[in-house]
Amino acid sequence: MISRAGLDGIIGGLARRGFKVIGPTVRDRAIVYREIGSVADLPEGWTDEQEGGTYRLRQREDEALFGFNVGPDSWKGHLFPATLTLWKSRRGEGGAMRFEEESTEQPDHAFIGVRSCDLAAIGIQDQVFAGNGYRDPDYEARRRDAFIIAVNCGKAGNTCFCASMDTGPRAREGYDLALTELLDGEHRFLVEIGSDRGAELLSEVESRAAEPDDEHHASEATERCASEMGRELDTGGLKELLYRNMEHPRWDEVSERCLACGNCTLVCPTCFCSTVEDTSDLAGEEAQRVRTWDSCFSLEHSYVHGGSVRNS
């Protein structure tokens, strides 16, 4: 068990090890994942209210640091950045172009506040960028030594359904440390160790062994969260169900209110579609190739050999 001061010590310990610590913080009336320096940067006393097409922050009646659900941001932006320069070229002596590949060296990242559904999403991107025969060097460099502090959920949102997907609300693997925030009486955190380096970091801060009551309250919190899920998804025969209904009228209803903005794929923590753009200056002395996020729902994304493969 650790206190708020212990959590602050963990953040400081990560910084001393050279990690860039990324965690939840309030910005522009939303909870987003940005660089933090201490517990003071966390969204203390804030929660969110979510429904279809609705997201609002409101004050809680306690001092919870993680009393919110997954919102409009995801860890994808730190592992698979929205914009990445792949290479640059410059015209040298004699008019020859010199190409410079961008370095894949990245600062080590420490992520604090990763939920169980986030871990499942990162696992899918791991398969895309670091498995199945293809390896993206930039993703690997960012992912390889990332230190992950998971947080088990104690609050379910109206749009949460991880319990029916068996991806939460409790993190089971893929973390260095996992926290369960307890607010009954003393504000404290039950800590579970998931790796040797997690154990090493925890040994540097003041802590105490968890008592049966602590473990009971932690289990009770996640079980209550699982029972409060606003939605559920039955995955049995899902693939076959979709194939049988490819021309169902429901798709027309959805498309009528679709703005074709692509935000659904950009905000999705598992989407990985991208495009590359080549640009040069007006003098023709410099050029660069940049990879950016893209949506596979756009006509431009399916542009092959002179035209789009889609007609709508």
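If you read the sequence from its start, that first residue is 1, and numbering goes on from there. Below, each value reflects all heavy atoms present in this structure, side chains not excepted, and no hydrogens, waters or symmetry copies.
Here the options are R289, R90, K88, the test is salt bridge (Lys or Arg N to Asp or Glu O under 4.0 Å), and the partner is E100; only R90 passes. The only member of R56, R58, R60 that meets salt bridge (Lys or Arg N to Asp or Glu O under 4.0 Å) when paired with E49 is R58.
Residue A15 comes nearest to V21 through the heavy atom pair N-CG2, 4.2 Å, listed as atom of the first residue, atom of the second, then distance. The shortest non-hydrogen separation linking T270 to Q125 is O-NE2, 3.5 Å. Across all their heavy atoms, G198 and L177 have their closest contact at O-CD2, 3.5 Å. The shortest non-hydrogen separation linking A210 to M1 is CA-CG, 3.6 Å. Scanning both residues, I31 and P72, for their nearest heavy atoms gives O-CD, 4.1 Å. The shortest non-hydrogen separation linking A64 to L183 is CB-CD1, 3.7 Å.
A donor-acceptor pair under 3.5 Å links the side-chain atoms of R91 to the main chain of G284, judged by distance alone. Without hydrogens or angle criteria, D108 side chain to F19 main chain gives no donor-acceptor distance under 3.5 Å. Under the 3.5 Å distance criterion, the side-chain polar atoms of D8 are left unmatched by any main-chain donor or acceptor of S38. Under a 3.5 Å cut-off, the side chain of D28 and the backbone N or O of A30 do not form any donor-acceptor pair. Side chain of N132 to backbone of Q127: a donor-acceptor contact under 3.5 angstrom is found. Looking only at distances, no side-chain donor or acceptor of T235 sits under 3.5 Å from a matching main-chain atom of L238. Side-chain atoms of D126 do not come within 3.5 Å of backbone N or O of A130 as any donor-acceptor pair. Between the side chain of T222 and the main chain of P169, no donor-acceptor pair closer than 3.5 Å is present. D48 places a side-chain N or O within donor-acceptor distance of the main-chain N or O of N69, the cut-off being under 3.5 Å.
E206 CD: 12 or fewer foreign heavy atoms inside a 6.0 Å radius. The environment of F272 atom CZ is sparse: at most 12 non-hydrogen atoms of other residues, nucleotides or ligands sit within 6.0 angstrom. In D281, the CG atom is crowded: over 12 heavy atoms of neighbouring residues, nucleotides or ligands sit closer than 6.0 Å. By the 6.0 Å contact criterion, CD on E101 is open, its count of non-hydrogen atoms from other residues, nucleotides or ligands being 12 or less. At most 12 non-hydrogen atoms from other residues, nucleotides or ligands lie less than 6.0 angstrom from OH of Y243.
The cluster map of Ile, Leu, Val, Met, Phe, Trp and Tyr, joined by side-chain heavy atoms under 4.5 Å apart, puts I36 and Y175 in different clusters. In the hydrophobic clustering of this structure, M97 groups with W87; members are Ile, Leu, Val, Met, Phe, Trp, Tyr whose side-chain heavy atoms approach within less than 4.5 Å, directly or through other members. No single ILVMFWY cluster, assembled from side-chain heavy atoms under 4.5 Å apart, contains both V70 and V32. Following chains of ILVMFWY side-chain contacts shorter than 4.5 Å, one cannot reach L266 starting from V290, and the two form parts of different hydrophobic clusters. Both I149 and I193 belong to a common hydrophobic cluster when Ile, Leu, Val, Met, Phe, Trp and Tyr are linked at side-chain heavy-atom distances under 4.5 angstrom.
For the pair L65 and R4, the minimum side-chain heavy-atom distance is below 4.5 Å. The shortest side-chain heavy-atom distance between V114 and L119 falls under the 4.5 Å cut-off. Side-chain contact check for V151 versus R115: some heavy-atom pair is nearer than 4.5 Å. No side-chain heavy atom of E277 sits under 4.5 Å from any side-chain heavy atom of T83. The shortest side-chain heavy-atom distance between F80 and D138 does not fall under the 4.5 Å cut-off. K76 places a side-chain heavy atom less than 4.5 Å from the side chain of W293. Inter-residue side-chain proximity for S164 and M229 is flagged as unmet; no heavy-atom pair is nearer than 4.5 Å. Proximity of F66 to F189: side-chain heavy atoms (C-beta onward) are separated by under 4.5 Å at one or more points.
Note that CD1 of I22 is 12.0 Å distant from OH of Y33, once rounded to the nearest 0.5 Å. Rounded to the nearest 0.5 angstrom, L79 CG and R142 CZ are separated by 8.0 Å. Between atom CZ of residue F147 and atom CZ of residue F111 there is a gap of 12.5 Å, rounded to the nearest 0.5 Å. Distance check, rounded to the nearest 0.5 Å: CH2 of W251 to CD of E247 gives 10.5 Å. Rounded to the nearest 0.5 angstrom, L242 CG and H248 NE2 are separated by 11.5 Å. Atom CG of L182 sits about 10.0 Å away from atom CD of E220, to the nearest 0.5 Å.
Classification of D73 and R27 as a salt-bridged pair fails, no side-chain N sitting under 4.0 Å from a carboxylate O. Taking 4.0 Å as the cut-off between side-chain N and carboxylate O, E253 and R250 count as a salt-bridged pair. Ion pairing between D145 and R17 fails under the 4.0 Å rule for side-chain N and carboxylate O. Looking at R172 and D166, a side-chain N of the basic residue comes within less than 4.0 Å of a carboxylate O on the acidic one, giving a salt bridge.
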* Does the side-chain contact (heavy atoms from CB on, under 4.5 Å) test come out yes or no for R34 and D41, once each step is laid out? -> CA-CA 10 Å; R34 298 291 186 271; D41 296 323; over 6 Å; no
* **Stepwise side-chain contact (heavy atoms from CB on, under 4.5 Å) test for L202 and I2** => CA-CA 9 Å; L202 182 62; I2 61 171; 3.8 Å; yes
* To do: Show the numbers, then the answer: is there a side-chain contact (heavy atoms from CB on, under 4.5 Å) between I112 and L7?
  => CA-CA 10 Å; I112 180 170; L7 181 57; 3.8 Å; yes
* V26 vs F68, side-chain contact (heavy atoms from CB on, under 4.5 Å): CA-CA, chis, key distance, verdict -> CA-CA 11 Å; V26 176; F68 55 90; over 6 Å; no
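No hydrogens or angles considered: nothing links the side chains of H216 and E211 as a donor-acceptor pair under 3.5 Å.
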